[in-house]
Amino acid sequence: MTATALMDLVEGGGCIGCYACLHVCEKDAIALRMDERGFRTAQIDPSACDGCGKCVQTCPQLTGEADGKPMAACYAVKAEPTVQSRSSSGGAFDLVSRWMLRRGGSVCGVAMAEDLVPTFRIARDEEGLEPMHGSKFAFSDMKGIYDGISKELEDGREVLFVGLPCQVRAVRNVFHDDRLYTVDLICNGMPSEGVYRRYLEELSQSRKVANLVFRASDVH
């Protein structure tokens, strides 16, 4: 398949704005722009595209075959009360993330940026891990995170990536490395960045929103 398949996907509303195609494009022929629905979608410059097809091979929406691996035997986990108190549910993220840190690896998860847009970051210690706690029911920006993961792997560190299933697929399509561990979250759909930003504007009413909690801890 060529880049035409990706353009058809975008026109059909299937692009998830994961930036994987932009990362692998060696001709700088792809940019992500916000569409009328408020979603960031891939836009291809036909004059710069050489038809290599790497964007299509990397797109999680166009490559969804099952890998044939058996499912894990563990389906539930719950941390101690002190961990649950700063988590949105059972604290599984904290447990698996600290496991990776103890191995000397890095954790790639979502934290709130200064403008309160959920953004992927990389943590190498517990201090960096802290802002990643808690659910973020909003668009999560993956811009630049592939370069960050690449550097961690090049430096010899294992990486744990925690994200939505489509985002996990995108990262795995880019990095074929046994040192990359992934955890995908149950997803009921992701609202657009544009809608989320309008919500923040309505919430602030000319005042600055300092913090936003999407879901309080279930520990009372």
Side-chain angles (χ1 to χ4, degrees), residues 16-20 22-24 32 40 60 72 74 76-187 190 193 196 200 209-219:
I16 63 169
C18 67
Y19 283 87
L22 184 148
H23 177 76
V24 299
L32 266 76
R40 289 193 183 274
C74 179
V77 62
K78 193 169 186 178
E80 61 270 17
T82 54
V83 173
Q84 293 179 50
S85 65
R86 63 175 184 271
S87 304
S88 296
S89 51
F93 170 79
D94 186 272
L95 294 180
V96 295
S97 297
R98 291 179 188 277
W99 168 80
M100 176 55 70
L101 293 182
R102 289 195 299 270
R103 292 169 63 91
S106 305
V107 177
C108 182
V110 176
M112 301 295 274
E114 290 186 5
D115 59 356
L116 295 184
V117 171
T119 305
F120 276 93
R121 296 180 183 176
I122 291 178
R124 302 188 188 93
D125 52 38
E126 293 189 8
E127 182 179 355
L129 200 65
E130 192 62 30
M132 297 180 183
H133 285 92
S135 300
K136 288 95 176 170
F137 300 121
F139 166 85
S140 47
D141 193 353
M142 296 186 71
K143 184 179 181 180
I145 196 59
Y146 298 96
D147 290 333
I149 295 175
S150 179
K151 186 178 187 307
E152 297 301 303
L153 295 172
E154 289 174 359
D155 289 345
R157 282 186 285 269
E158 294 178 322
V159 177
L160 171 67
F161 178 88
V162 182
L164 301 180
C166 55
Q167 294 169 335
V168 168
R169 169 67 67 175
V171 169
R172 285 207 165 276
N173 283 351
V174 172
F175 302 102
H176 304 281
D177 195 311
D178 291 338
R179 295 170 300 167
L180 174 65
Y181 295 76
T182 57
V183 174
D184 55 329
L185 308 171
I186 296 175
C187 177
M190 182 169 58
E193 179 183 358
Y196 174 65
L200 287 179
V209 180
N211 190 25
L212 184 63
V213 177
F214 291 85
R215 178 183 175 187
S217 171
D218 59 4
V219 177

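The model shown is predicted, which means the values in this text are computed figures rather than measured ones.
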Rounded to the nearest 0.5 Å, what separation is found between the [atom1] atom of [X] and the [atom2] atom of [Y]?
X    : Y    : atom1 : atom2 : value
I122 : R157 : CD1   : CZ    : 8.5 Å
L160 : F93  : CG    : CZ    : 7.5 Å
I16  : R40  : CD1   : CZ    : 14.5 Å
D155 : R124 : CG    : CZ    : 7.5 Å

Nearest heavy-atom neighbours spanning [X] and [Y]:
X    : Y    : value
K136 : P131 : NZ-O, 3.4 Å
L200 : D115 : CD1-O, 3.8 Å
L116 : A210 : CD2-O, 3.9 Å
V110 : P118 : CG1-CB, 3.5 Å
M142 : C18  : CB-O, 3.6 Å
G17  : L32  : CA-CD2, 3.7 Å

Hey, is [X] close enough to [Y] for a salt bridge, meaning N to O under 4.0 Å?
X    : Y    : value
E152 : R179 : no
K143 : D141 : no
D147 : K151 : no

task: Decide side-chain contact (heavy atoms from CB on, under 4.5 Å) for Y19 and F120; before the verdict, give the C-alpha distance in whole Å, the side-chain angles of both, and the deciding distance to 0.1 Å.
output: CA-CA 12 Å; Y19 283 87; F120 276 93; over 6 Å; no
message: Around atom CG of D178, are there more than 12 heavy atoms from other residues, nucleotides or ligands closer than 6.0 Å?
response: no
query: Can you check whether T182 reaches D184 side chain to side chain, under 4.5 Å on heavy atoms?
result: no
4.5 Å side-chain heavy-atom contact, R121 and C108: no
field: Verdict with supporting geometry, Q167 and S140, side-chain contact (heavy atoms from CB on, under 4.5 Å)
entry: CA-CA 10 Å; Q167 294 169 335; S140 47; 2.8 Å; yes
- prompt: When you measure from the side chain of R172 to the backbone N and O of L180, does any donor-acceptor pair fall under 3.5 Å?
  reply: yes
message: Using 30° and 60° as the class boundaries, would you call the ring planes of Y181 and W99 parallel, tilted or perpendicular?
response: perpendicular
